[in-house]
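As structure tokens, the structure follows; a few thoughts come after it.
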Amino acid sequence: MTKRKTSKIYRRDKRHQFAALPWRTGARGLEILLITSRETKRWVIPKGWPMKDRAAHEAAAQEAFEEAGVRGDITREPLGMFRYLKRLKGDKTQLCAVDVFPMQVTGILDVWPEREEREREWVTPEVAARRVDEPELAALIEAFAFLGPAR
């Protein structure tokens, strides 16, 4: 089987990111893992820029490890996409598009690269949708909860 690589267009596009939507079935049913952003402490999902020689879903899984300390089974196809204004230096912003890949969490680490910079919390999809600032991300979370993880 040939390993898919992130397309050259993604590697060049500084406005496109990839995110994991970490989920599990917990005592309350479906739960979503949210993390805080490093600077503003807003609730977000793990996301980052394309990575050389990694498919989009693999880059999203790597971000979930680095930012949230989780491992799991990630889908190869995105659930959907949302847009947000990325804050840049000098009070500038840039509109970014983010492909979101559901990831069933199979391992939660006690030690991970960004543990000192972020908080993480498992919440219901309803709470997750209310906590995130981006309306399109909230809608994706709600749709994921409605459709169920088996896609």
Side-chain angles (χ1 to χ4, degrees), residues 6 10 13-52 54-151:
T6 304
Y10 281 145
D13 191 347
K14 300 296 185 201
R15 297 162 300 185
H16 202 114
Q17 294 183 310
F18 305 120
L21 180 65
W23 67 272
R24 71 178 181 187
T25 303
R28 300 176 287 186
L30 180 64
E31 295 178 325
I32 304 294
L33 182 64
L34 293 181
I35 60 171
T36 56
S37 64
R38 285 192 286 198
E39 294 182 20
T40 63
K41 301 301 180 191
R42 295 175 305 111
W43 289 104
V44 298
I45 59 176
K47 67 181 177 311
W49 301 108
M51 297 177 184
K52 187 175 182 178
R54 288 200 188 197
H57 70 286
E58 293 169 332
Q62 181 65 29
E63 293 297 337
F65 161 70
E66 292 175 11
E67 296 182 359
V70 293
R71 299 276 193 198
D73 298 323
I74 194 158
T75 63
R76 290 180 174 270
E77 297 299 321
L79 169 67
M81 180 268 299
F82 74 95
R83 292 168 294 213
Y84 79 106
L85 284 174
K86 178 158 183 67
R87 294 179 181 107
L88 305 172
K89 293 179 182 177
D91 292 331
K92 294 181 182 178
T93 59
Q94 177 174 312
L95 184 63
C96 291
V98 183
D99 288 340
V100 178
F101 298 84
M103 183 177 85
Q104 183 176 14
V105 173
T106 58
I108 303 171
L109 306 169
D110 292 328
V111 178
W112 70 96
E114 297 183 17
R115 70 186 173 282
E116 300 293 328
E117 303 171 73
R118 300 177 187 272
E119 293 178 41
R120 64 182 179 185
E121 186 176 348
W122 288 102
V123 296
T124 64
E126 296 80 17
V127 170
R130 282 196 310 269
R131 281 194 186 173
V132 298
D133 285 345
E134 299 81 10
E136 292 173 329
L137 175 56
L140 279 177
I141 292 169
E142 290 169 346
F144 182 72
F146 180 76
L147 296 172
R151 296 178 28 105

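All values derive from a computational prediction rather than experimental measurement. In this chain, residues are counted from 1 in sequence order.
A distance-only check finds no donor-acceptor pair linking the side chain of Arg131 to the backbone of Ala128 [under 3.5 Å]. Here the side chain of Ser37 pairs a donor or acceptor atom with the backbone of Lys41 at under 3.5 angstrom. With hydrogens and angles ignored, the 3.5 Å screen pairs a side-chain donor or acceptor of Glu136 with a backbone N or O of Arg83.
Between the SG atom in Cys96 and the CD atom in Gln17 there is a gap of 5.0 Å [rounded to 0.5 Å]. Distance CD/Glu67 to CG/Leu33: 11.0 Å, rounded to 0.5 Å. Interatomic distance, Thr106 OG1 to Arg24 CZ, rounded to the nearest 0.5 Å: 12.5 Å.
Closest approach of Leu30 to Trp23, counting heavy atoms only: CD1-CE3, 3.6 Å. The two residues Ala19 and Ile45 make their nearest non-hydrogen contact at CB-CD1, 3.7 Å. Between Gly69 and Arg120, the closest heavy-atom pair is O-NH1, 3.4 Å. Between Trp49 and His16, the shortest heavy-atom distance links the atoms CE3-O, 3.5 Å.
In this structure, a donor-acceptor pair under 3.5 Å is absent between the side chains of Asp99 and His57.
Side-chain contact between Leu140 and Leu21: absent, with no pair of heavy atoms (C-beta onward) separated by less than 4.5 Å. Two residues are said to be in side-chain contact when any heavy atoms from C-beta on lie closer than 4.5 Å; Glu121 and Leu34 fail this criterion. For the pair Pro113/Phe65, a side-chain contact is recorded, criterion being any heavy-atom separation below 4.5 Å from C-beta on. The shortest side-chain heavy-atom distance between Met103 and Val105 falls under the 4.5 Å cut-off. Proximity of Pro125 to Phe144: side-chain heavy atoms (C-beta onward) are nowhere separated by under 4.5 Å. In this structure, the side chains of Glu58 and Met51 stay at 4.5 Å or more apart for every pair of heavy atoms. Counting heavy atoms from C-beta outward, Glu114 and Ile35 have side chains that stay 4.5 Å or more apart.
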| Run the salt bridge (Lys or Arg N to Asp or Glu O under 4.0 Å) check on Glu63 and Lys47 step by step: do they pass? | CA-CA 6 Å; Glu63 293 297 337; Lys47 67 181 177 311; over 6 Å; no
| message | For Glu134 and Arg42: C-alpha separation, side-chain torsions, deciding distance, then whether salt bridge (Lys or Arg N to Asp or Glu O under 4.0 Å) applies. | response | CA-CA 11 Å; Glu134 299 81 10; Arg42 295 175 305 111; 3.0 Å; yes
